[in-house]
Each structure stands twice: as C-alpha cells, then as structure tokens.
Asks: 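Here's a structure for you.
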Amino acid sequence: MTMTRRTLTHSALATAALVGTGTTAKTTDTDVIVIGAGAAGLAATDAVMRAGHSVVCIEAMDRIGGRVFTDTTTFGVPYDLGAHWLHHIALNPFVDIGKSHGFTMYKQPDDMQAYYKGKPLNPTDTIALETEHARMFKALFDSAQAGNDRVATYIRQPQTEWTLTSEAMIGSLSMARDLENVSDLDWYIAEEGEDWFCKQGFGTLVAHHWADVPVTLNTTVTSIDADRDTVTVQTSGGPIRAKAMILTVSQGVLASGTLDIRPKMDSALVSAISDITLGSYNHIALQFSHGTIDTPADTWVGYHLTERHNGSPKGGAVLTNSGGTGLCYFEIGGGFGHWLESQGEQAMIDFALSEMSDVFGHDIKNGFIKGHASRWGYEPTVLGSYSGTIPGKANTRSALRTPIANRIFLAGEATSIGEQGTVSGAHKEGLRAAATVSALLA
Ligand SMILES: Cc1cc2nc3c(=O)[nH]c(=O)nc-3n(C[C@H](O)[C@H](O)[C@H](O)COP(=O)(O)OP(=O)(O)OC[C@H]3O[C@@H](n4cnc5c(N)ncnc54)[C@H](O)[C@@H]3O)c2cc1C
C-alpha cells in the first residue's frame, strides 16, 4: 500500500483518539511515542509516520508549537511569544517552508540603531560601540579557536563606556545568561548567519506547516519505564506502550525531576542534563499607536546601559515596530531578566515602558496602548528559554543524545550542536531522532 501523508495521518489519528479519551486504564499500543509537540516533536512525529510506523505524539499544552507560538488575539496582530527570528537562513529550512505555504518572508534590516541619552548615537559613539563589540567577539573567537572552554567574563577587560552594552548583547540577549555562566566555546559553536522574519509570525508558520500531524493535546506524561523490549508511559489520559520513544521536553523539564524515568540513566547523560541548563529570556511586548516610535519597521534598537543589578547588566534592547504593526518587542534576559520575570508581568511592562521612554522620549507614553510579557520560566512544561552549557562543558551536548535502554531517544534544541537554542536546530534534531528510531524498528 502506498502511504500518503493523508492516510498516515488518519490511521495515526485513530490511535491518538484512544489515548485522548483516557477514561479507562486500557494500555494503548503503538510503534513510537513522541513526547512534546514543539518543533522537534512535530518534525519527529511526521518523519516516523512517513517511515511507515504508527506513532502517538503527546503534548501537555492545549496547543502545538511549544516555544514557537504566535498569539494573534492579545494585540490583534501577530505576536510571537517565543521564537521570532528565523536564524541563519542558509541553514534554516523554515524560510523555504514559509515561502512554499505563501507566507510573507523577509530579511531583517541590517543595522542596529543605537541610542544614547535619548538620541540616536552620533558617528563617533557609533564607532566606539562597534569597536567594543568587535573586540569582545574577537576575544571569544580567539579563545575558543585556541581550544578553550572558559567562563566568558574575561571579555569585560579592558573596559570602555560601551562594555556593559556589548556585554548585554552577547550575554543576556544572545546566550540568555550573564557572562559568568557563558562558555566561550558554546557561544562559538552556535552558527551565525542572516536572520529573517515571517510577517504572520514564526509560530503561525510552524503550526500551519504541521497542521496535519496528529497530536494528543492536554495530556501530561508523568512517568516513563523502558525495559528490553518496550517503553511504557503513564499519562493523564492513560498508559501507552511503544517499541521506542522520542523525548523532546526541555532541559528545564528534564532537570526538574517531574518526569520519573526508568531505568536509571547513564552517568554521562545525567551529567549532561545538569551541565546544559535553560537560560532566561523573554519578550515584553508593547503596542503603540502608529507613528509613536519613529523608526522603520523591524529596527533593532540598542541603548547605552550604565547600571548593573546584582552584577547583571540592567536593561535590554528592543525590536521596534514589528512588521510595521506598531508592536515592539522589548527583550530582556540573563540574571536581571530572570529577576524581573520573578516580579510579575506588570513589573516587566512598567520597566520596559520606562526604558523605552528614556530612549525615545517621554511622549511615547501618550501613544502606548497595552503590553504583555512572556514568562517562560514559569511555564510548567518549559521552565526557561533556551539552553546553554555551563563553562567547561560545551562538549557535553553530544552526551544528551545517549539513548536510555536503547529505547528512549532525546531530541530538541539542546541536543543540536551548532543550531542549539533555535527552532531550526530543534526541527533537525527531531528528524535525526526519527531516523534513528526508524532504523531501530526496521
Ligand atoms: C522568549 C524566547 C525567544 C526565542 N527566540 C528564538 C528565535 O528568535 N529564533 C529561534 O530559532 N529560536 C528562538 N527561541 C528558542 C526556540 O523557541 C526553541 O529552541 C525551540 O522552539 C525548542 O523546540 P523544542 O521542540 O526543542 O522544545 P519545546 O518547544 O519546549 O517543545 C517541548 C514540548 O514538550 C511539552 N512537554 C513538556 N513536558 C511534557 C510532559 N510531561 N508531557 C507532555 N508534554 C510535555 C511542552 O509543553 C512543549 O510543547 C526562543 C525561545 C524563547 C523562550
């Protein structure tokens, strides 16, 4: 029989329906169970089906996408609560996927606009900022290329007026952690390239692309038990038994211990789970009436940072007028971002609006409509933003791929080496795990 995408979907949907009803303790049998319907889990589920195996994908949330999700109701325009940038388009399959589905895909404008004391930076200061940034990048490159895997704090020296601003760009806003927790090698192995956007939202694109993939929503996996022949999971919808599993939950969930996994993991895998942690990164979205922020669409604006909060750069940067909609993403991360997140959504909005008023002038408050802040650290099935290795442990990502009992295979942004912390990396890791599982079942 020729397996088309549609026939595969329907047969798997029938299996999934057994799980979703969940009123009896009858065990559902399937070839493969995928836990999590984020970028990795969705790609894995589709690939396993295409290889001709039955599959059940279980997702705790009431929607698919995980950390890539577009909310269109809060502001009436696309608002990506998680991933927004399509990083490194030369490696990223989602630009072509978006074009093939008719989405509006476009390149991020090239230059960052920097502000100082409420005004766009003058040419002298612009050069000073760029020079400082280039110096820090070179220091990290040189160290990693020399074979080091060090705490990145050495790039703070020698200090200039722009050191703190550059430090925030590299630490909190790129690695989602302060330099004290950044491994220069982990920073170095992350591929960099041209970034694009999807006007309708990255989450809209991912959800649309995988709309036919069957997922059992609102179902939480609580325990996993693998033996020589099978893996059995307990879920809020009843038990499921499979020949193999692809586990795509975040590092935050793995480290939290809320999933009871047996048999005991290999010690290299246990170490990798504690050495690769989720950082803190959030969007504080502020909507302004058109024309309030006088920048071209999608201008990335940095501003002069001068203070620390418990050692962490106090402040962020802002993507203004996203897609020409008037929505601004004030970005916050690292230790200060983590602290601000703990203060609650209103405190986050107040801080972002105050910083933006200092940058663009206090009149912008007259054009402010409303705000919203993501708080991924408090999302129980994620517990953070994206992964980084602790200094000295950049090479442990490969250990995360160590199977458990040769039945359970981990996949997600954190198992990617080179595209860690991205949707594209998670997607490819889902495909990698699916290929491994399909080979095992062949
Ligand atoms: C604020 C923010 C901004 C970001 N910006 C970008 C960006 O611009 N570009 C980019 O490429 N990447 C970005 N990222 C990173 C990107 O979103 C992630 O790398 C990627 O989406 C991770 O996909 P994943 O499949 O590995 O994990 P997830 O998306 O976390 O998927 C795992 C799924 O497992 C589910 N789950 C967890 N526990 C259970 C359980 N017990 N039972 C059932 N289901 C469970 C979760 O609900 C989740 O849906 C950003 C992330 C954040 C938080």
Side-chain angles (χ1 to χ4, degrees), residues 19 33-45 56-69 80-89 91-94 108 173-174 176 190-191 195-198 201-203 205-206 210 215-224 233-237 240 246-254 256-261 278-285 319 329 331-333 337 341 373-377 379-388 400 410-416 419-430 433:
V19 180
I33 177 164
V34 175
I35 303 186
L42 290 165
T45 303
V56 174
C57 177
I58 299 292
E59 169 56 52
M61 292 191 195
D62 61 0
R63 59 164 181 80
I64 63 170
R67 281 173 274 170
V68 55
F69 173 67
D80 280 318
L81 274 168
H84 182 56
W85 279 259
L86 281 79
H87 289 308
H88 204 330
I89 56 133
L91 301 176
N92 195 324
F94 281 99
Q108 176 176 20
L173 298 175
S174 170
E191 302 278 1
D195 293 343
W196 279 42
F197 292 124
C198 173
F202 200 172
L205 164 55
V206 170
W210 295 127
V215 175
T216 306
L217 299 173
N218 298 308
T219 304
T220 303
V221 173
T222 50
S223 73
I224 301 169
V233 301
Q234 300 301 327
T235 81
S236 51
I240 307 172
I246 299 174
L247 179 58
T248 73
V249 303
S250 74
Q251 288 301 105
V253 171
L254 282 177
S256 72
T258 52
L259 267 180
D260 180 16
I261 303 178
L278 281 198
S280 177
Y281 188 82
N282 280 297
H283 305 303
I284 307 172
L319 180 72
Y329 290 79
E331 308 289 270
I332 200 89
E341 186 180 8
S374 69
R375 294 176 73 229
W376 287 98
E379 179 57 58
T381 58
V382 178
L383 299 174
S385 59
Y386 46 87
S387 68
L400 269 189
L410 271 61
E413 59 87 6
T415 61
S416 174
E419 290 184 85
Q420 64 267 30
T422 70
V423 173
S424 172
H427 171 88
K428 290 178 190 174
E429 284 301 294

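The residues of the chain are indexed from 1 along the displayed sequence. Counting starts at 1 for both ligands and their atoms, in listed order.
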Asks: Please state which option from Tyr281, Phe69, Phe202 has its nearest heavy atom closest to atom 1 (C) of ligand 1.
Replies: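 Residue with the shortest heavy-atom distance to the ligand atom: Tyr281.
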
Asks: What class does the angle between the rings of His283 and Tyr329 fall in, given that below 30° is parallel, 30 to 60° is tilted and above 60° is perpendicular?
Replies: perpendicular

Asks: Examine Val423 against ligand 1 and note whether any of their N/O atoms are separated by less than 3.5 Å.
Replies: yes

Asks: Quick one: OG1 on Thr381 to CZ on Arg67, what's the gap to the nearest 0.5 Å?
Replies: 9.5 Å

Asks: Are any of the heavy atoms in Ser424 under 4.0 Å away from ligand 1?
Replies: no

Asks: Below the 3.5 angstrom mark, is there an N/O of His283, backbone or side chain, next to an N/O of ligand 1?
Replies: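 Looking only at distances, the answer is no, because the N/O contact criterion of under 3.5 Å is not met.
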
Asks: Relative to atom 25 (O) of ligand 1, which among Ala40, Gly203, Ser250, Ser223 owns the nearest non-hydrogen atom?
Replies: Ala40

Asks: Considering only heavy atoms, which of Gly41, Ala37, Ala83 lies nearest to atom 4 (C) of ligand 1?
Replies: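 The nearest heavy atom belongs to Ala83.
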
Asks: Would you please test Leu91 and Lys428 for side chain to side chain contact (heavy atoms under 4.5 Å, CB included) and show each step?
Replies: CA-CA 10 Å; Leu91 301 176; Lys428 290 178 190 174; 3.8 Å; yes

Asks: Of all the atoms in ligand 1, which lie at a distance below 4.0 Å from a heavy atom belonging to Gly36?
Replies: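 Under 4.0 Å from Gly36, ligand 1 has these atoms: 33 (C), 34 (O), 35 (C).
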
Asks: Please report whether ligand 1 has a polar contact with Ala60, defined as an N or O pair separated by less than 3.5 Å (distance criterion only).
Replies: yes

Asks: Would you say ligand 1 has an N or O under 3.5 Å from any N or O of Ala426?
Replies: no

Asks: Kindly give the heavy-atom pair with the smallest separation between Thr415 and Leu400, and that separation in Å.
Replies: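 Distance-wise, the nearest heavy atoms are CG2-CB, 3.8 Å.
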
Asks: Just which atoms of ligand 1 are under 4.0 Å from any heavy atom in Thr220?
Replies: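 This gives 41 (N), 42 (N) as the contact atoms.
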
Asks: Pick one of side chain, backbone, both or neither for how Trp85 approaches ligand 1, counting any non-hydrogen atom pair under 4.0 Å.
Replies: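 Within the 4.0 Å criterion, Trp85 contacts ligand 1 through backbone and side-chain atoms alike.
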
Asks: For the side-chain contact (heavy atoms from CB on, under 4.5 Å) test, which of Ile35, Leu410, Val34, Ile33 pairs with Ile246?
Replies: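 Running side-chain contact (heavy atoms from CB on, under 4.5 Å) over Ile35, Leu410, Val34, Ile33 with Ile246 returns exactly one hit, Val34.
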
Asks: Would you check whether Leu86 reaches within less than 4.0 Å of ligand 1, judged by its heavy atoms?
Replies: no

Asks: N/O of Ser385 under 3.5 Å from N/O of ligand 1, yes or no?
Replies: no

Asks: Please check whether Asn282 reaches ligand 1 - meaning an N/O of the residue sits under 3.5 Å from an N/O of the ligand, judged on distance alone.
Replies: no

Asks: When you look for heavy atoms under 4.0 Å from ligand 1, do you find them on the side chain of Arg67, its backbone, both, or neither?
Replies: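 It is both parts that get close, each with some atom under 4.0 Å.
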
Asks: Taking the side chain from Ser374 and the backbone from Trp376, do they hold a donor-acceptor pair closer than 3.5 Å?
Replies: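 Judged by distance alone, no pair lies under 3.5 Å.
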
Asks: Give a yes/no on ligand 1: does Gly65 have at least one heavy atom closer than 4.0 angstrom to it?
Replies: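 Contact present.
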
Asks: Indicate yes or no: does an N/O atom of Val221 lie under 3.5 Å from an N/O atom of ligand 1?
Replies: yes

Asks: At less than 4.0 angstrom from any non-hydrogen atom of Met61, what atoms of ligand 1 do you find?
Replies: 47 (O)

Asks: Pick whichever of Gly425, Gly421, Ser256, Ala39 has a heavy atom sitting closest to atom 12 (N) of ligand 1.
Replies: Gly421

Asks: Which heavy atom in Trp85 sits nearest to a heavy atom in Phe202, and how many Å separate them?
Replies: O-CE1, 3.4 Å

Asks: Heavy-atom distances under 4.0 Å decide this one: backbone, side chain, both or neither, for Thr258 against ligand 1?
Replies: neither

Asks: May I have the step-by-step check of side chain to side chain contact (heavy atoms under 4.5 Å, CB included) for Leu254 and Leu247, ending in yes or no?
Replies: CA-CA 10 Å; Leu254 282 177; Leu247 179 58; 4.1 Å; yes

